[in-house]
Amino acid sequence: MINRTSAFSDSILGISAGYFLADLAMIFYYFPALGGTQYVLHHGLSMFAIVQSLLSGQAQMYIFMVLFTESTTPCVNLRWYLDVAGQKNSQLYVCNGVALFLGWLVARILLFLFFFYHMFSHFDLDSCINWPYLTRSCFGNNIFVSSI
């Protein structure tokens, strides 16, 4: 699972990196109106993880699991738009609230329970990851930084 990759998954990660880069550019352009330092940190760490996974070809399944949490963002944005438009009493606001609750439950709570369970149950495979400039022994937890 850790070493699986494909052209399709690389393409999706590339699109995701582009999304985070475009979003980060807008955050910098309108800083701090669209978000403060925490949004810059969130987008920067997300892009770092995506690029690292793309370059190494490893742990892409975990990156996709975490990216799936972003699927709740449209409901959060629609909630804000409806609030600003004074539509808090509308049927759309209620339906969006239900969709946001269910989406949050699945994408942010249940998925993370599975995510951490899967990482914990496959923790022994982590010792075989071959990150650039880092050599690990697959038979132990000894970490030796290679010199270049």
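Numbers for residues simply follow the sequence, beginning at 1.
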Between [X] and [Y], is any pair of side-chain heavy atoms under 4.5 Å apart?
| X | Y | value |
| --- | --- | --- |
| Gln58 | Gln52 | no |
| His42 | Phe20 | yes |
| Val106 | Leu111 | no |
| Phe64 | Ile12 | yes |
| Leu54 | Ile63 | no |

Given 3.5 Å as the limit, does a donor-acceptor pair link the side chain of Ser71 with the main chain of Phe68, or not?
yes

Donor-acceptor contact present, side-chain Ser53 to main-chain Ala49, <3.5 Å
no

May I ask whether Ile27 and Leu41 are part of the same hydrophobic cluster, defined by side-chain heavy atoms of I, L, V, M, F, W, Y residues being less than 4.5 angstrom apart, directly or through others?
no

How far apart are the closest heavy atoms of Leu67 and Ser16, and which atoms are they?
CD1-OG, 3.5 Å

Name all pairs fulfilling the salt bridge (charged side-chain N to carboxylate O under 4.0 Å, His left out) condition that reach into residues 70-87, sequence neighbours left out, sorted by first residue then second.
Asp83-Lys88

Hey, what's the ring geometry for His43 with Tyr19, parallel, tilted or perpendicular (30° and 60° as the breaks)?
tilted

When the ring planes of Phe115 and Phe112 are compared, do they come out parallel, tilted or perpendicular, using 30° and 60° as the limits?
perpendicular

Quick one: list whatever passes side-chain hydrogen bond (donor to acceptor under 3.5 Å, both in side chains) with Asn96, sequence neighbours left out.
none

I'd like to check the ring-ring contact (aromatic ring centres under 6.0 Å, His included) partners of Tyr29; sequence neighbours left out, ordered by chain and number.
none

Can you tell me how far OG1 of Thr73 sits from CG of Asp23, rounded to the nearest 0.5 angstrom?
9.0 Å

Qualifying residue for side chain to side chain contact (heavy atoms under 4.5 Å, CB included) with Leu13, from Ile50, Val51, Thr5
Ile50

